[in-house]
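Throughout, a chain's letter reflects where its sequence line sits, starting with A, and its residues are numbered from 1.
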There are 2 protein chains.
Amino acid sequence: MGILRKTKSVKILLDEFEKKSTAISAITLIERLHSKMNKTTIYRVLEKLEDDGFLHSFLGKNGHKWYAKCSGCSSDEHHDIHPHFQCTDCGKVDCLSTDVLIPNIPNRKVDMSQILLQGKCEDCYT
Amino acid sequence: MGILRKTKSVKILLDEFEKKSTAISAITLIERLHSKMNKTTIYRVLEKLEDDGFLHSFLGKNGHKWYAKCSGCSSDEHHDIHPHFQCTDCGKVDCLSTDVLIPNIPNRKVDMSQILLQGKCEDCYT
DNA sequence: TATTTAACGCAACTAAGTTGCATTAATTGT
DNA sequence: ACAATTAATGCAACTTAGTTGCGTTAAATA
Ligand SMILES: [Mn+2]
Ligand SMILES: [Mn+2]
Ligand SMILES: [Zn+2]
Ligand SMILES: [Zn+2]
């Protein structure tokens with residue numbers, strides 16, 4: 001179930017994703033907002049924002065949870081399947097609009113792909 | 001540093017990977033071998049087998065660690081970058097020999113890709 | 001303003017993986 | 001075969017991301 005009440009916590013979290021378009025890890029949000037809200041609240045609000053189609057989640061290189069804004073999703077339709085790019089220098093993670101073509105795998109039906117690319121981002125790439 | 005002594009634990013673990021070619025999660029090995037060796041030993045041996053180029057590791061859909069046999073790797077050269085496929089029905093994970101082409105991403109230098117495909121495997125695909 | 005209940009804070013918990021250290025056993029030399 | 005060396009092991013304690021239960025707070029609505 002998604003968000004029913006626009007609480008202070010919801011507004012603060014939405015704001016974090018509004019002022020920057022990069023993905024943010026749950027861990028980062030916890031340390032950034034620990035004085036403003038409890039980590040349990042952070043996890044719960046993020047989950048609801050994902051249900052609502054405002055955010056989508058994925059796992060970074062250590063298997064930790066990251067969230068980023070959706071573009072054009074709703075609670076009904078989550079079509080935010082795309083690769084993510086994590087910079088090995090500054091740690092920043094971005095959603096990529098570039099499509100990666102998954103070839104047909106013999107005898108298997110591929111329903112989902114989870115692609116994490118790593119390397120140097122535009123800022124760290126000299 | 002890799003393995004220096006062919007201990008009982010090393011042999012048992014190597015055997016697990018010998019009798020089946022699918023990937024095995026650290027968690028599975030711990031529950032499968034808990035009467036034969038300590039989980040600390042399992043994690044440590046797996047790490048060394050990876051150093052030696054016998055195994056490679058990757059993260060499954062929950063961010064948990066999986067290991068699979070390498071083919072043609074050594075401690076010097078680990079060229080085992082390939083996609084993995086996790087069956088959403090039976091949970092089995094396989095290494096895929098199929099290559100996924102990563103397109104050039106503008107202004108970024110991609111050094112590594114981590115691709116996890118999900119769907120139905122050959123056994124579960126009716 | 002009073003009522004309803006979704007959302008919150010807190011503390012306790014879960015589980016994957018790690019660390020330190022005393023003990024064991026594989027390897028090597030005699 | 002035996003003793004010396006030290007890599008590897010077991011165990012307990014720890015770390016940390018994420019979860020759960022429950023009493024309290026504060027949004028929504030009337
Ligand atoms: Mn994204
Ligand atoms: Mn593999
Ligand atoms: Zn960067
Ligand atoms: Zn299957």
Side-chain angles (χ1 to χ4, degrees), chain A residues 1-17 23-68 75 84 86 91 93 114 116, chain B residues 1-17 23-68 75 84 86 91 93 114 116:
Chain A
M1 196 186 42
I3 283 182
L4 300 180
R5 296 183 182 178
K6 262 260 170 64
T7 63
K8 208 174 150 190
S9 305
V10 171
K11 284 174 199 157
I12 292 172
L13 274 165
L14 279 175
D15 208 50
E16 290 297 316
F17 287 93
I24 317 177
S25 70
I27 296 169
T28 302
L29 287 168
I30 289 166
E31 65 183 50
R32 192 183 289 174
L33 302 174
H34 69 99
S35 61
K36 292 180 179 163
M37 73 189 78
N38 191 270
K39 69 170 178 174
T40 310
T41 304
I42 292 178
Y43 281 115
R44 288 198 273 228
V45 171
L46 289 173
E47 196 182 8
K48 287 180 181 173
L49 287 174
E50 186 170 21
D51 284 351
D52 287 336
F54 282 114
L55 298 179
H56 62 279
S57 71
F58 56 94
L59 302 181
K61 66 176 150 79
N62 306 121
H64 295 161
K65 211 148 195 194
W66 286 72
Y67 284 87
S75 52
H84 293 98
Q86 185 156 24
V93 176
Q114 200 177 113
L116 181 68
Chain B
M1 194 186 44
I3 283 183
L4 301 180
R5 297 182 182 178
K6 262 260 169 69
T7 63
K8 207 174 152 191
S9 307
V10 171
K11 283 174 198 157
I12 292 171
L13 275 166
L14 279 176
D15 209 50
E16 290 296 317
F17 287 94
I24 316 177
S25 69
I27 296 170
T28 301
L29 287 168
I30 289 167
E31 67 182 49
R32 192 183 290 173
L33 303 174
H34 75 277
S35 61
K36 293 180 179 161
M37 74 189 78
N38 193 269
K39 69 170 176 173
T40 310
T41 304
I42 293 178
Y43 281 114
R44 289 198 272 228
V45 171
L46 289 173
E47 194 182 8
K48 287 179 182 173
L49 287 173
E50 187 170 21
D51 284 351
D52 287 337
F54 282 113
L55 299 178
H56 62 279
S57 70
F58 57 94
L59 302 182
K61 66 177 150 76
N62 307 120
H64 295 159
K65 211 149 194 190
W66 287 72
Y67 284 87
S75 53
H84 293 97
Q86 185 156 23
V93 176
Q114 202 178 111
L116 181 68

Provide the full list of side chain to side chain donor-acceptor pair (under 3.5 Å) pairs with a residue in residues 43-53 of chain B, sequence neighbours left out, each pair given once.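 Passing the test, one end in residues 43-53 of chain B: B:Glu50-B:Ser57.
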
Whether the side chain of A:Lys39 and the base of D:dG18 hold a donor-acceptor pair under 3.5 Å is what I'd like checked.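 In this structure, the two groups form a donor-acceptor pair.
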
Short of 4.0 Å, heavy atom to strand atom, which residues of residues 42-55 of chain B count as contacting DNA chain C?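 The answer is B:Tyr43, B:Arg44.
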
Go nucleotide by nucleotide along DNA chain C from the 5' end; which of B:Thr40 and B:Arg5 gets its closest nucleotide reached first?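 Between the two, 5'-proximity favours B:Thr40.
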
For DNA chain C, whose closest nucleotide is more 5', that of B:Gly63 or that of B:Lys8?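 Nearer the 5' end of the strand: B:Gly63.
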
Side chain proximity check, A:Leu29 to A:Leu46, heavy atoms < 4.5 angstrom: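 Yes, close enough: below the 4.5 Å cut-off.
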
May I ask you to say what B:Thr7 touches in the nucleic acid, namely base, sugar-phosphate or nothing, with a heavy-atom cut-off under 4.0 Å?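 Sugar-phosphate only.
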
Checking all strands, does B:Ile30 fall into the base, sugar-phosphate, or nothing category for heavy-atom contacts under 4.0 angstrom?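 Nothing, no nucleic acid heavy atom in range.
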
Distance check, rounded to the nearest 0.5 Å: B:Ile3 atom CD1 versus B:Leu49 atom CG?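 Output value for this atom pair is 4.0 Å.
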
To the nearest 0.5 Å, tell me how far B:Lys39 NZ sits from B:Ile27 CD1.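 The NZ atom of B:Lys39 sits 10.5 Å away from the CD1 atom of B:Ile27.
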
When the distance from CD of A:Glu31 to P of D:dT16 is rounded to whole Å, what number comes out?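 Result: 12 Å.
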
Round to the nearest Å and state the distance from B:Asn38 atom CG to D:dC14 atom P.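 The distance from CG of B:Asn38 to P of D:dC14 comes to 17 Å, rounded to the nearest Å.
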
Please name the pair of heavy atoms, one in B:Val10 and one in B:Arg5, separated by the smallest distance, quoted to 0.1 Å.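 So the minimum-distance heavy-atom pair works out to CG2-O, 4.0 Å.
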
Neighbour count above 12 (heavy atom, 6.0 Å) for B:Phe17 CZ: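 Yes, the 6.0 Å shell around CZ holds more than 12 heavy atoms from other groups.
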
For the side chain of A:Ala26, counting heavy atoms from C-beta on, which of D:dG18, C:dA16, D:dA8 is nearest?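 The closest nucleotide is D:dG18.
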
